[in-house]
Amino acid sequence: MAQRILHTFLCAFLAVLVTARLDAADTAIARPSPTTVRDWQSRKYGMFIHFGLYSMLGGVWKGREFSGNYSEQIQSDAHIPSAEYAELASRFNPDKWNPDAVVELAQDAGMQFIVLTSKHHDGFSMFHTGMSPFNVVDASPYKRDIIKGLADACARRHMPFGVYYSTIDWHFGDPPDRRNDNPISEAHEEFNVAQLRELMTGYGPISEIWFDMGHPTKLQSKHFADTVHAVQPECLISGRVWNNQGDFMEMGDDEIPDYILDEPWESPASIYRETWGYRSWLNRENLEKKIEEHILRLVAVVSRGGNYILNIGPRGDGSVVEFEAAVLRGTGTWLKRNREAIYGTQPQPFRKLDFGYVTVKNDHLFLFVEHPPANGRLDLPGFQNHIRKAYVLGDPAQRLLNPDDTEGQKAVLAPASLGREFLPVVVTEFDGEINVVQPAVAPGPQNSIILTPETADRFYNTNGEGYYDSPTLRKERWHFAVTQPGTYRIQVSYRPGKFARLLDVNLGGRVYKANLHGNDSGPTSIGTIQLAPSKDMTLTVSPASPAERGACLDVELDRISLIASASP
Ligand code: H79
């Protein structure tokens, strides 16, 4: 007991030390508070808008339809000379652009935030910048600041407002290159920083800034992020500022990750994949299927803890494409009935489920039934809580569904009628704090426990050095069962490489340091532990704390073995 108290005390003491050191590294410039981050994470569904000079072309240049790239990048796709492209500004007059109607559409869709392109790769500023005359106020007959117009409409309706900002700029002189992975010159860095200050000072509170593309150095990424936070510390910065300087991780375009992320993240989605900016000649058909596709993608993202930001690409005259408005309203109709299951929820506490997806809020599980099972059982593997009641969300008859645990696993029994409509949600109310026992790695020979990459939950980090940098592994976690109490020796072996790495191995709350270096792949003994019988012990491996933002493991572990050495 005394040992446990001492251990608890030591852990608390270390935690204070570590927090103090992290704070010291991060206090130079304030970042969004935990409350702001939680509010941002609870929103789940937002509107993205790609609107600019390219919207006038709609994917057509000199009578030819271009499909080699997204239509917002037609300047690059059609090799339009910079001066000729710039002339488009003199005709840009989107008199059908109605910011209040756009905000209303987002509200009808159940969207909780809006992000508009302030400047795409073409370099045309949709706001009144003092940095270049190539902007909507000085260069177009429209003469009004589009960013200001939408920021004000959002403020009137209490809709969080954010801006997209590409750090590359073809008008400034970056060569149009379809990879959009350009380094950023010092002069361009200063230009961007000045524009970022304008965006942060002239438009009220900005909920998030959506950096995109480019290949800045780490110092440049930090310069951009610090510039934003120096003015608006509560503005969340997207990970595409790169080099792990963002406040949330941004997935690739139209990417839904199949790996685990336990930090705030967002998935950007275009309605059609082919384009974000308006494309006049696109085949827009089967509205119902499109609506269902995006509801399913939203649910997949939310069940993994992310936010889904779905794009519209208005025409050059500012009007919203009717098909796109209908897709959004269709998602809104489904959300009106099922809103409880989406907003403010926590991610799915189960690994893959055959019937679909789950979210959690307080003492409610929400089961999104994409594939109604033939035997009617909605199985909840490892779920320990008592099920108080279950029903279909929005069922006017309020029929109760029966829980069942006769097959050694809790389940809700779905009626055969459940599959008749698209993606019904079954609410499962339970008693107590949620408790899900994960499938455990069973003990191996002589009660030893062998943990390998195949049985690990693997946590990834994205938004490292640029768009084409792969996600990196930042944490591995195992759940295992202990049947034999006793003392266990902890051994780590790994694939050799050129590295020296200090890792934290957290075993049931106790942290061991594993000092790995490239010459010797182990097994290296890192300590011993007393283990009591348990159905669900966890072991987590992460870079030794305090770690840098975005730190990854940098080493491929081969196995962690817990060798039973003696009985107590
Ligand atoms: O603003 C939208 C895109 O214009 C921007 N990000 C979203 C939000 C973006 N700029 N560059 N990239 C994304 C890089 C993507 C390049 C590719 Fe492709 C997408 C390569 C392959 C798929 C473009 C489209 C080239 C071929 C198809």
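Every number for a ligand or one of its atoms is a count from 1 in the order of the listing.
- Between Arg315 and Glu322 there is a salt bridge, since at least one side-chain N of the basic residue sits less than 4.0 Å from a carboxylate O of the acidic one.
- Taking distance alone, with nitrogen or oxygen atoms compared against 3.5 Å, Arg179 stays at or beyond that limit from ligand 1.
- Residue contact check: Arg240 has heavy atoms under 4.0 Å from atoms 6 (N) of ligand 1.
- Residue-ligand proximity, Trp276 to ligand 1, at heavy-atom distances under 4.0 Å covers atoms 2 (C), 7 (C).
- Judged by distance alone, with hydrogens and angles left aside, the side-chain atoms of Thr167 form a donor-acceptor pair with the main-chain N or O of Met213 at under 3.5 Å.
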Which pairs would a plain distance check flag for residues 90-97, meaning a side-chain donor or acceptor within less than 3.5 Å of a matching protein atom at least two apart in sequence or in another chain?
residue: Ser90; atom: OG; partner: Glu87; partner atom: O; Å: 2.7

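- Between Tyr468 and His215, the distance from one ring center to the other does not fall under 6.0 angstrom.
- Contact annotation for atom 17 (C) of ligand 1: protein absent (non-hydrogen atoms, distance under 4.0 Å).
- Counting atoms of ligand 1 from 1 in the listed order, those under 4.0 Å from a heavy atom of Tyr468 are 14 (C), 16 (C).
- For the pairing with Asp122, the side chain to side chain donor-acceptor pair (under 3.5 Å) check across Tyr54, Trp170, Tyr85 returns one residue only, Tyr85.
- In this structure, atom 26 (C) of ligand 1 has protein heavy atoms in its sub-4.0 angstrom surroundings.
- Side-chain contact annotation: Asp145 with His128, donor-acceptor N/O pair under 3.5 Å absent.
- Using a cut-off of 4.0 Å between Lys/Arg side-chain N and Asp/Glu carboxylate O, Asp152 and Arg156 are scored as not salt-bridged.
- Considering only non-hydrogen protein atoms, atom 23 (C) of ligand 1 sits nearest to Asn69 OD1, 3.0 Å.
- From the protein, the heavy atom lying nearest to atom 22 (C) of ligand 1 is Tyr70 OH, 4.2 Å.
- A cation-pi arrangement, defined by a distance under 6.0 Å to the six-membered ring centre and an angle within 45 degrees of its axis, is present between Arg64 and Phe66.
- Heavy-atom proximity to Glu72, at under 4.0 Å, picks out these atoms of ligand 1: 1 (O), 2 (C), 3 (C), 4 (O).
- Near Tyr164, meaning under 4.0 Å from any of its heavy atoms, are these atoms of ligand 1: 1 (O).
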Problem set entry | Stepwise ring pair (Phe, Tyr, Trp, His ring centres under 6.0 Å) check, Tyr164 with His120 | CA-CA 8 Å; Tyr164 168 107; His120 207 272; 5.0 Å; yes
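- Although no hydrogens or angles enter the test, the distance criterion places no donor-acceptor pair under 3.5 Å between the side chain of Ser55 and the main chain of Tyr278.
- Close contacts of ligand 1 with Asp212, meaning ligand atoms under 4.0 Å from a residue heavy atom, involve 1 (O), 5 (C), 6 (N), 7 (C), 8 (C), 9 (C).
- In this structure, Ser166 has no heavy atom closer than 4.0 Å to ligand 1.
- Heavy-atom proximity to His121, at under 4.0 Å, picks out these atoms of ligand 1: 9 (C), 10 (N), 11 (N).
- Contact annotation for Glu250 and ligand 1: no heavy atom of the residue comes within less than 4.0 Å of the ligand.
- Side-chain contact, Thr331 with Tyr45: a donor N or O sits under 3.5 Å from an acceptor N or O.
- Residue, atom and distance of the protein heavy atom nearest to atom 9 (C) of ligand 1 are Gln73 NE2, 3.5 Å.
- Note that atom 13 (C) of ligand 1 has protein non-hydrogen atoms nearby, at separations under 4.0 angstrom.
- Below 3.5 Å of separation, one finds no N or O of Trp210 facing any N or O of ligand 1.
- Atom 6 (N) of ligand 1 is approached by the protein to below 4.0 angstrom, counting heavy atoms only.
- With a 4.5 Å cut-off on side-chain heavy atoms, Glu208 and Phe248 count as touching.
- Among protein heavy atoms, atom 11 (N) of ligand 1 sits closest to Asn180 ND2, 2.9 Å.
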